[in-house]
Amino acid sequence: MKRLLLAAAALAAMTFQVFAQDPDPAKWDDVLKEARGETVYFNAWGGAENINAYLEWAGSEVEKRYGVKLVHVKLDDTANAVAKVVAEKAAGRNDTGTVDLIWINGENFSSMKRQDLLMSPGWAEKLPNWKYVDADDKPTIRTDFTIPVEGLESPWGMAKLVFFYDSARTDDASLPKSAKELLEWARKNPGRFSYPQPPDFIGSSFLKQILSELVTDRAVLQKPVDEASFDEVTKPLFAYLDELNPLLWRGGKAFPRNYPAMKQLLADGEVDIIFAFNPSEASGAIANGELPGTVRSFTFPAGTLANTHFVAIPYNAAAKAGALVLADFLISPEAQARKQDPKIWGDPTVLAVSKLDAEDKARFDALDLGVATLKPDELGPAIDEPHPSWMERLELEWKKRYGAAN
């Protein structure tokens, strides 16, 4: 018995030592000192030129101010970065990982948390700029797709599903106001709508939006998938898709690869309605010359999906101090205001502007959110994201039913 107690005590001490090695954001001067000279390998989606340009700017600023170099590892799927950390853990690479920061949320965060792949809890809420974060009025900042965040990731931006159309071609009065009306619209306008092929995040989000509207009891989506009831719960969704898919662009025999490809279809006049998770996306695309100035936004009055996206630090990151410095800079009022500018990115802020000083409030007040951006009170209610297990399960089922398209 005594031997078991001693072994348990030794194990506890080892665990404490691992966490004790993590830099403490509460001692920020020490973090800054340790971070200087580090290179942060930021694994983030690289599919949009405006986001890539924003990260180039952020990298130049943190290097100039703090001596931290940012290398953007461009991903087409965040799961690839998660898999890399999993492989490094299996190989015993516990303090020299190749991923220092990940742009993440949803099922990827859930997977990393479940497998103990993240830096010790609580660091996010100790960052100096956390004091500006709107954690009280934006509940998805502390709950990521139903999973408690517990300071394991730092919020970076807000998202809400919004639809876009070209008012020069499409009559405002004909726009659908729900999933059921979208199906009716597609019947009247065959070939003029599509969605990205899952497992693309935007395409999978479309599946969740339709399921959330049609499911008998939305509360079931806040719990992990129950295989015994999956077919019954999702029956309305797949009955809907069975009818919708032949009405899609190219008869549902091919799908856009991702959101940029779908946006190009609208620009080329091949489809009439698209959607994104950024309410300022249309205005940003107009400002960048990617969409015509006649494009406008709309949403469903009964609500659309909303969430927060984050950055997280793997447990074995080689540049944890540098990653903390970058994460803190990304939630600074300066960086958040620049990110919300549709001419730069248009991604909504995670900050409470009311908490800012006069100079920083002025940054946000000066923003022209663009002709196609809906006002906050026009965005409609927020529908909670389902538990992460639903996304993966829906993607598998979608692929089985419709995945022959390419």
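Just so it is clear, the values below take in all heavy atoms, side chains as well, and ignore hydrogens, waters and symmetry mates. Here, residue 1 is the first one in the sequence, and each next residue gets the next number.
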Arg338 NZ/CZ over Tyr54 ring centroid, <6.0 Å and within 45° of normal:
no
Centroid-to-centroid, Phe310 to Trp156, below 6.0 Å?
no
Side-chain heavy-atom pair Val31, Val325 within 4.5 angstrom cut-off
yes
CZ of Phe206 to CG of Leu182: how many Å apart, nearest 0.5 Å?
5.5 Å
Can you tell me how far apart CZ (Arg187) and CG (Leu247) are? Round to the nearest 0.5 Å.
7.5 Å
Give a yes/no verdict on a cation-pi contact between Lys89 and Tyr315, requiring under 6.0 Å between NZ or CZ and the six-membered ring centre and an angle within 45° of the axis.
yes
is_close_aromatic(Phe163, Phe300), centroid dist under 6.0 Å
yes
Report the distance from atom CD of Glu125 to atom NZ of Lys131, rounding to the nearest 0.5 Å.
14.0 Å
Can you tell me if His72 and Asn43 form a side-chain donor-acceptor pair at under 3.5 Å?
no
Arg393 and Glu227: CA distance, side-chain angles, deciding distance, salt bridge (Lys or Arg N to Asp or Glu O under 4.0 Å) verdict
CA-CA 9 Å; Arg393 188 63 181 84; Glu227 283 299 328; 2.7 Å; yes
Report, one line per pair, each donor and acceptor closer than 3.5 Å where one atom sits in a side chain of residues 283-292; sequence neighbours left out.
from: Ser283; atom 1: OG; to: Leu369; atom 2: O; distance (Å): 3.3
from: Ser283; atom 1: OG; to: Ala372; atom 2: N; distance (Å): 3.0
from: Ser283; atom 1: OG; to: Thr373; atom 2: N; distance (Å): 3.1
from: Ser283; atom 1: OG; to: Thr373; atom 2: OG1; distance (Å): 2.8
from: Asn288; atom 1: ND2; to: Gly284; atom 2: O; distance (Å): 3.1
from: Glu290; atom 1: OE1; to: Lys263; atom 2: NZ; distance (Å): 3.0

What distance separates Asn307 CG from Glu385 CD, expressed to the nearest 0.5 Å?
4.5 Å
Using a strict cut-off of less than 4.0 Å between a Lys/Arg side-chain nitrogen and an Asp/Glu carboxylate oxygen, indicate whether Lys177 and Glu181 qualify as a salt bridge.
no
Salt-bridge contact Asp365-Lys361 (side-chain N to carboxylate O under 4.0 Å)
no
List the steps, then state whether side chain to side chain donor-acceptor pair (under 3.5 Å) holds for Glu395 with Ser204.
CA-CA 7 Å; Glu395 290 169 349; Ser204 299; 2.7 Å; yes
Would you mind checking if Asp200 and Arg257 are paired as a salt bridge, meaning a charged N to carboxylate O distance below 4.0 Å?
no
Hey, what do you get for CG (Leu244) to CD (Glu184), rounding to the nearest 0.5 Å?
12.0 Å
Separation of Leu70 CG from Tyr41 OH (nearest 0.5 Å)
10.5 Å
With a 3.5 Å cut-off and no angle check, do the side chains of Tyr132 and Asp357 form a donor-acceptor pair?
no
Is the backbone N or O of Phe329 less than 3.5 Å from a side-chain atom of Ser332, with the two atoms forming a donor-acceptor pair by type?
yes
Would you please say whether a donor-acceptor pair under 3.5 Å links the side chains of Thr98 and Glu88?
yes
Can Thr304 and Lys160 be counted as having a side-chain donor-acceptor contact under 3.5 angstrom?
yes
Taking 4.0 angstrom as the limit, do Lys375 and Glu378 come out as a salt bridge?
no
Let's go through Leu55 and Phe42 carefully: what are the C-alpha distance in whole Å and the side-chain angles of both, what is the deciding distance for side chain to side chain contact (heavy atoms under 4.5 Å, CB included) to 0.1 Å, and is it a yes or a no?
CA-CA 9 Å; Leu55 286 178; Phe42 185 14; 3.7 Å; yes
Salt bridge (Lys or Arg N to Asp or Glu O under 4.0 Å) between Glu61 and Lys69: does it pass, once the steps are laid out?
CA-CA 9 Å; Glu61 292 299 312; Lys69 183 178 180 181; over 6 Å; no
Among Thr294, Asp172, Asp272, find the residue that satisfies the side chain to side chain donor-acceptor pair (under 3.5 Å) test when tested with Tyr165.
Asp172
How about Tyr259 and Phe275: are their ring centres within less than 6.0 Å of each other?
no
Are Glu153 and Lys113 ion-paired here, with the side-chain N under 4.0 Å from a carboxylate O?
no
Determine, using ring centers only, whether Tyr195 and Phe255 are less than 6.0 Å apart.
yes
Regarding Glu34 and Lys320, does a basic nitrogen lie under 4.0 Å from an acidic carboxylate oxygen?
no
